[in-house]
Amino acid sequence: MKESTKRENKVIKYILFLINPFFGFFATFGDLKSKSSYVIFLSFSVLFGICFSVPSGRTADFTGDGAVYRYRFDRMAEQSNDDFEKVYNEYIQFEEGEKDFYVTAVSYVTSRFTANYHWVFAVFAFVFSFFMLKSFRFLTEEKDFTNSFYCFILAIIFIMSNSIFNINGVRFWTAAWIGVYCIFQIFVNRDNKYFLLALITPFVHVSFFVYLLILVLAYFSKKSNAFWFVMFLISFFVANFTQDLLKASESYFPAFISRTISLYTDQNIINQRNEDTLWYVKIFSFLESFMVNFMVILFYKNRALFLHNKRAYNLFLFLIVWMTFVNFSSAIPSLGGRFIQMSLPLIAYLWLIVFIRERRYQNLLVFFLIAFSIDFIYALRSILKVTEIDFYISSPLYLLYHYLL
């Protein structure tokens, strides 16, 4: 594409965005590689955070976590600096109080200059989408990424694996994008300084202490691919292993981690959650797990295709270790049930590197998208539930004035 054409496209996208954010957002689909598309995508995500509208506390009409975060922010806005210092001191003692500190810290800082909760969700959306897009660039900057139909599917799988709606459950899902970004940097770019960034993930969500252990284990056992593939196969049949192991080791951890383990492994909670899950959701959950594991097996079968790309091969070895843990902990919805989503960006990247030119596997990618379609549809429906009509028809300037001033 000529430079003049690129400049024209950039100007058109910015003008469309200023008219209506959705116009600019859809205009990015024709050129996902450009810097202007990333700027618009980030701006669109922040606008979504600004327009994110929930009650203060769960209600019969809205039971999402976002209502709890708004309620906590509303309470924080009424508290003094001394109250926050008390919360902070309890946290650093690792005994009582908060399990992690990201939401509390952002809420406190924001509450010092405003009592408008739309500001805090704007911050949540910015941090969330920043690491989402930093990760997404690993996919789009590969030379094999084009405007083809199958690359578009890979882009959907990558982004929708953890969509912007998930600022509703901001702690875990923000940590997930930070975690994915660190995985790409460490195993694709082989940049070990991102271990330092990975260290902050448990402060965003406490369960990412597990992520750190797996990250280190995978890094120092990169040459044991045959061993890990055997463990991966075994993991299908011993799904309750992690649950039993966590229960047995619960007393050896600090109080704030022990409370989390107790909550995650409480059989009554797990049983209640399973009872509340609709039958068709269970079917799609099985399909999702099956397709992800099938992809890992397919990659392993064709591992010779990775030999020309060492960066992708290192990521593939990490994926085997990661999915071994996911399978072992699949009986715990708050671990395996959520951590499996972090495998999707990795699979999308590996598919681009290995299979994008393999016609024999192209239809399989469509089936993979279908398997996760219920999650993607749920995210889109949920976006409609937390936004008002003005988000879809107004200009960004009006939205900024209406929600922030």
Side-chain angles (χ1 to χ4, degrees), residues 16-17 19-29 32 37-56 58-71 73 103 116-133 135-136 152-153 155-177 180 278 280-281 284 288 338 341-342 344-345 369-396 398-400 402-404:
L16 288 173
F17 182 81
I19 295 172
N20 181 273
F22 274 87
F23 293 165
F25 175 72
F26 289 124
T28 65
F29 292 171
L32 289 173
S37 291
Y38 279 89
V39 171
I40 289 176
F41 204 111
L42 179 63
S43 301
F44 179 87
S45 298
V46 173
L47 275 176
F48 172 78
I50 291 170
C51 299
F52 191 90
S53 301
V54 291
S56 185
R58 291 190 174 105
T59 66
D61 294 327
F62 190 87
T63 59
D65 290 344
V68 176
Y69 294 129
R70 178 189 170 177
Y71 175 75
F73 172 77
V103 167
N116 182 350
Y117 79 94
H118 291 287
W119 281 93
V120 78
F121 278 98
V123 176
F124 290 158
F126 174 80
V127 176
F128 180 97
S129 53
F130 175 82
F131 285 103
M132 173 203 293
L133 293 174
S135 302
F136 190 47
F152 184 67
I153 290 180
I156 292 175
I157 291 171
F158 197 107
I159 292 296
M160 292 303 293
S161 67
N162 185 4
S163 71
I164 186 61
F165 168 73
N166 281 341
I167 61 170
N168 178 66
V170 63
R171 293 159 52 242
F172 179 89
W173 299 109
T174 300
W177 274 127
V180 168
L278 298 172
Y280 60 86
V281 175
F284 273 94
E288 291 171 0
R338 289 195 292 187
Q341 298 296 129
M342 289 176 62
L344 301 194
L369 180 64
I370 292 172
F372 282 87
S373 61
I374 191 170
D375 288 346
F376 301 161
I377 292 171
Y378 170 78
L380 294 174
R381 289 178 59 188
S382 299
I383 286 173
L384 294 174
K385 194 169 184 178
V386 298
T387 49
E388 305 292 340
I389 187 64
D390 52 12
F391 176 59
Y392 304 94
I393 63 174
S394 303
S395 73
Y398 170 80
L399 295 174
L400 291 174
H402 179 69
Y403 286 99
L404 296 185

Exercise for the section: Assess whether atom OH of Tyr71 is packed by more than 12 heavy atoms of other residues, nucleotides or ligands within 6.0 Å. Expected result: no
Exercise for the section: Check the pair Asn168, Phe62 against side chain to side chain contact (heavy atoms under 4.5 Å, CB included), reporting the backbone distance first and the verdict last. Expected result: CA-CA 11 Å; Asn168 178 66; Phe62 190 87; 3.7 Å; yes
Practice task
For Phe73 and Trp119, run side chain to side chain contact (heavy atoms under 4.5 Å, CB included): C-alpha distance rounded to whole Å, both residues' side-chain angles, the deciding distance at 0.1 Å, then the answer.
Solution key: CA-CA 10 Å; Phe73 172 77; Trp119 281 93; 5.8 Å; no
Handout entry: Student check: side-chain heavy atoms of Trp173 and Gln341 closer than 4.5 Å
Key = yes
Practice task
Using a cut-off of 6.0 Å, state whether more than 12 heavy atoms not belonging to Phe376 lie near its atom CZ.
Solution key: yes
Handout entry: Centroid-centroid distance, Tyr38 to Phe41, less than 6.0 Å
Key = no
Handout entry: Check: Phe22 ring centroid to Phe391 ring centroid under 6.0 Å
Key = yes
Problem - Closest non-hydrogen atom pair, Glu288 against Ile374 - result: OE2-CG2, 3.9 Å
Practice task
Could you check if a side-chain atom of Ile156 sits within less than 4.5 angstrom of a side-chain atom of Leu369, using non-hydrogen atoms only?
Solution key: yes
Problem - Derivation and outcome, side chain to side chain contact (heavy atoms under 4.5 Å, CB included), residues Phe128 and Asn162 - result: CA-CA 10 Å; Phe128 180 97; Asn162 185 4; 3.3 Å; yes
Practice task
Over 60° means perpendicular and under 30° means parallel, so classify the ring planes of Phe25 and Phe29, tilted if in between.
Solution key: perpendicular
Exercise for the section: Determine whether Phe130 and Val127 make a side-chain contact, defined as any pair of heavy atoms from C-beta on separated by less than 4.5 Å. Expected result: no
Exercise for the section: Go through the structure and list residues passing side chain to side chain donor-acceptor pair (under 3.5 Å) with Ser56, not counting sequence neighbours. Expected result: Asp74
